[in-house]
4 protein chains.
Amino acid sequence: MNENPRETRDRDEPAAPRRRTEQVRDAVLGAAGELMLEGGLAAATMEAIAARAGVSKRTLYKYWPSRGAVALEGFMRNAASSWALPDGGSAVEALTVLVASAARLFAGTSAGPLMRSLIADAQSQDEIATAIREQWLRPRRAVAADLIRRGVAEGEFRPDIDVEITLDLLFAPVYYRLLLGHEPMTDAFADAAVAHLVTGLRP
Amino acid sequence: MNENPRETRDRDEPAAPRRRTEQVRDAVLGAAGELMLEGGLAAATMEAIAARAGVSKRTLYKYWPSRGAVALEGFMRNAASSWALPDGGSAVEALTVLVASAARLFAGTSAGPLMRSLIADAQSQDEIATAIREQWLRPRRAVAADLIRRGVAEGEFRPDIDVEITLDLLFAPVYYRLLLGHEPMTDAFADAAVAHLVTGLRP
Amino acid sequence: MNENPRETRDRDEPAAPRRRTEQVRDAVLGAAGELMLEGGLAAATMEAIAARAGVSKRTLYKYWPSRGAVALEGFMRNAASSWALPDGGSAVEALTVLVASAARLFAGTSAGPLMRSLIADAQSQDEIATAIREQWLRPRRAVAADLIRRGVAEGEFRPDIDVEITLDLLFAPVYYRLLLGHEPMTDAFADAAVAHLVTGLRP
Amino acid sequence: MNENPRETRDRDEPAAPRRRTEQVRDAVLGAAGELMLEGGLAAATMEAIAARAGVSKRTLYKYWPSRGAVALEGFMRNAASSWALPDGGSAVEALTVLVASAARLFAGTSAGPLMRSLIADAQSQDEIATAIREQWLRPRRAVAADLIRRGVAEGEFRPDIDVEITLDLLFAPVYYRLLLGHEPMTDAFADAAVAHLVTGLRP
DNA sequence: GTGTAATCGAGACGGTACGTCTCGTCTTCTG
DNA sequence: CAGAAGACGAGACGTACCGTCTCGATTACAC
């Protein structure tokens, strides 16, 4: 009973609601990113986003409960492509790539401002904080934790290291520079940070 | 010159200008801290601070240009007592104390929320960002940098380490946990983090 | 079964539009009346009418351009039955019946609220104002004017009266009480008002 | 002149708060009147009034809970001067002046639109309806009722007339024409209406 | 019956205005 | 005259309803 010309998706398409919805989401997320780049994070008010995206505020609030939620989805969309971790190579190499790709992501056009906005809002809105932890931090930390454990198992790392603390040591510098801005965010910085950490400070 | 620059009026000033200034500052900073502890950072509006402190908004804006400035001074006052770094001992010990005292400060009653508010506001207000860097980060990083350089000179650390990056690696984990909140902020965490960093991950 | 006078299209009409039309109109007008009785005039939004009537807003706007238009038709439907003016009797009697029937109509369940909504909307929408005047006021005033002129011709009324002003004097009290609500709308009021007017105030 | 320039009211002025308050009220009421004259009643939104008056919406809502409240006060201010009823003369003359002055008021620049807006809003907001009745209708009806009773006592009117109904008959035509707009509002109309009513229709 | 063409429900959408909130400036009055 | 009180302009917030629109499901008639 699929002779119906209006509906052709046969086997793998989920449901394809995407009427105008997807266009709206794109316009909103694009507008939010632009505004943050242009006028700082403070310029990305819900009102300005709606105006820039040519979208009504009502529609905005239908999909996202707050500015932070817009930033979260915008960031996620930007970040989606940054999941290239090399399957081959040593644990150290893989971790270096992981941290460097985060640094590169934040240094890129919109993801940096979006994440800064996100973490700023997370300080006063618990839902945002939880969302960042659950949707962004946890999966990446899980991947890195596996790499660390693999490194331990293969003798690449010392067996007595604390995985959680090592994760913090790995990723923290990137967020530290992102949020405090005392030094620029570069790939070289990420590489050197991981190298220092792996080697330690002792002679 | 006057040994006490704050108070010069000797005989004829009608009603003591310096009068309540200090009380006002105390009341405001206390109120700001309380509000942040009670209702989250979002509760500490300038209006609420003024009301709680029994101070007019006019007076508030006379001394502090923004909410971030109040938080900055409040934080500085809380942090003033946390400058106990032991002159004796090895560089590693001193750095451990330094990082652990930062962790303890943030875990204490108001300094944590104040710093979180501060960094959140710094994302959209450059003056706040600059103030944090100049008044808070720089002096502490300078002290730590001296310790690191001393450790290198005395052979405690490898001679080829990058001081700036090492500073980031040292302090970043504390801010990372403060702002992301994925794990609690404890002294043990600070100690372990420095220990891991110093020793490195390799066997 | 095509004796139905509402549907005569013989050869070229495309596809029988009349289908549910009449049911829709009934449902909408009924819903509008109910909503006005229940939640005051403010409750009868186009959205609420559509929801209550189980009709889409699209359909609503197909038949009526505005809330006022719905109210107008609803009122007209309610008012259709109130055109019983006695052919026999004196002019005074006939006018009394005419005014009293208006009062009774407005005192009935939905016609009062509908007319109040209508006149309220007429203050800011000219089409509504015009529609009330043309479709409601004018025919009734024409009938009453005939009665007045007949009364003059037959010596029942003074020959020097101004017909337009007399019409205003006759009908105004009913609308005045309907809209200002300072006193209840009763048949006795209508009767007494006409009686006072006819007799005058002088002894 | 006065040793205290800030305070001159000596014995009978109530309290004179009038800081900037009075300027704000004037600006708002003026803007509301203008907007109603220019763009019809629908143009006088709270937002437009605030913008036109150079007043923030916050201030607007501090003094008036709704658009109707603004209209009420604007109307009252316009109407304040229209209370010239001649103490001398017959009851008929006084009533004629009273009704004619109402007609003249409504025909003047802003009072007409303001009252139309007011009565329109009264249809869906009870507070407005009550306010009109208490603050506008009742006092004027009371004055007119006294005149009617005086006329009865002095033999100018028939002793068996119903005062309430007579009040309705007197004032209703003015509101009827104001709200339905089927004929213009003129002094001559008001005079003729009272004359017809007093004399009656019978020969 | 089956196809064709319309109507209809549902509701997404861009807008406008609502009424509330905080900010940062400014004015008034009191101690 | 410093400071508490708070009025004020500005403008973002989140919500409601408007009137337009697109989508599928339903339905009536033609074939």
Side-chain angles (χ1 to χ4, degrees), chain A residues 3-4 6-7 17 19-21 23-24 27 42-51 53-67, chain B residues 13-21 23-24 42 44-51 53-62 64-67, chain C residues 13-21 23-24 42 44-51 53-62 64-67, chain D residues 4 6-7 17-21 23-24 27 42-51 53-67:
Chain A
E3 69 291 342
N4 189 326
R6 282 187 303 235
E7 188 158 351
R19 258 170 308 191
R20 301 202 44 200
T21 300
Q23 299 171 32
V24 165
T45 65
M46 288 296 254
E47 215 136 56
I49 293 171
V55 144
S56 93
K57 282 171 61 183
R58 192 69 211 270
T59 305
L60 213 46
Y61 282 102
K62 178 177 298 179
Y63 296 124
W64 301 276
S66 68
R67 194 177 66 117
Chain B
E13 279 192 54
R18 159 187 163 280
R19 261 187 318 184
R20 305 195 44 196
T21 298
Q23 298 172 34
V24 164
T45 66
M46 287 296 254
E47 220 131 54
I49 293 171
V55 146
S56 94
K57 284 170 59 184
R58 178 70 168 159
T59 307
L60 210 49
Y61 281 102
K62 177 177 298 180
W64 301 277
S66 69
R67 192 177 69 118
Chain C
E13 278 191 53
R18 162 186 158 278
R19 260 186 318 184
R20 302 196 44 199
T21 298
Q23 297 171 36
V24 164
T45 65
M46 287 296 254
E47 219 133 53
I49 293 171
V55 146
S56 94
K57 284 169 59 183
R58 178 74 169 158
T59 307
L60 211 48
Y61 281 101
K62 178 176 296 179
W64 301 276
S66 69
R67 193 177 70 118
Chain D
N4 187 345
R6 283 188 304 234
E7 187 158 351
R18 68 165 63 207
R19 260 170 307 194
R20 297 201 48 199
T21 300
Q23 298 171 33
V24 165
T45 66
M46 287 297 254
E47 216 136 54
I49 293 171
V55 145
S56 94
K57 283 170 61 181
R58 190 71 208 267
T59 305
L60 213 47
Y61 282 102
K62 176 177 298 180
Y63 295 123
W64 301 276
S66 68
R67 195 177 66 119

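Chain letters run A, B, ... following the sequence lines, proteins first and then strands; every chain starts at 1. Model, not experiment: these values are computed from the prediction.
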Subject >> Distance, rounded to the nearest Å, where A:Q23 contributes CD and F:dT22 contributes C1' >> reply: 12 Å
Subject >> Residue mapping more 5' on DNA chain F - nearest nucleotide basis, C:E47 or C:R58 >> reply: C:E47
Original post:
In whole angstroms, how far is the C1' atom of E:dA17 from the CZ atom of D:R67?
Top reply: 11 Å
Subject >> Atom pair OG1/NZ of D:T59 and D:K57 - distance to nearest 0.5 Å >> reply: 12.0 Å
**OP:** Tell me which nucleotide among E:dG14, E:dT20, F:dG19 gets nearest to the side chain of A:T59.
**Re:** E:dG14
Original post:
Between A:S56 and B:M46, which has a closest nucleotide on DNA chain E that is more 5'?
Top reply: A:S56
Original post:
Roughly how far, to the nearest 0.5 Å, is CZ of B:R67 from CG of B:L60?
Top reply: 12.0 Å
Subject >> Candidate nucleotides F:dA12, E:dC8, F:dG9, ranked by approach to the side chain of D:V55 - the nearest >> reply: F:dG9
Subject >> Rounded distance [0.5 Å steps], CE in D:M46 versus OH in D:Y61 >> reply: 4.0 Å
**OP:** Please name all residues satisfying salt bridge (charged side-chain N to carboxylate O under 4.0 Å, His left out) with D:R58, sequence neighbours left out, ordered by chain then number.
**Re:** none
Subject >> Any D:Y63 side-chain nitrogen or oxygen under 4.0 Å from OP1 or OP2 of F:dC8 >> reply: yes
Original post:
Would one find a side-chain N or O of B:T45 under 4.0 angstrom from OP1 or OP2 of E:dC23?
Top reply: yes
**OP:** Calculate the interatomic distance between D:I49 atom CD1 and E:dT16 atom P; express it in whole Å.
**Re:** 18 Å
Original post:
Over how many whole Å does the gap from D:K62 atom NZ to F:dG6 atom P extend?
Top reply: 10 Å
**OP:** Using atom CG of A:L60 as one end and atom P of F:dA12 as the other, report the distance to the nearest whole Å.
**Re:** 14 Å
Original post:
Below 3.5 Å, does any donor atom in the side chain of B:K57 face an acceptor in the base of F:dG6, or the other way round?
Top reply: no
Original post:
Start at the 5' end of DNA chain E and walk down; is the nucleotide closest to B:S66 or to D:A48 reached first?
Top reply: D:A48
**OP:** For C:A50 and C:S56, work out which heavy atoms get closest and say how close.
**Re:** CB-C, 4.2 Å
Original post:
Atom CH2 of D:W64 and atom C1' of E:dG19: how far apart are they, to the nearest Å?
Top reply: 16 Å
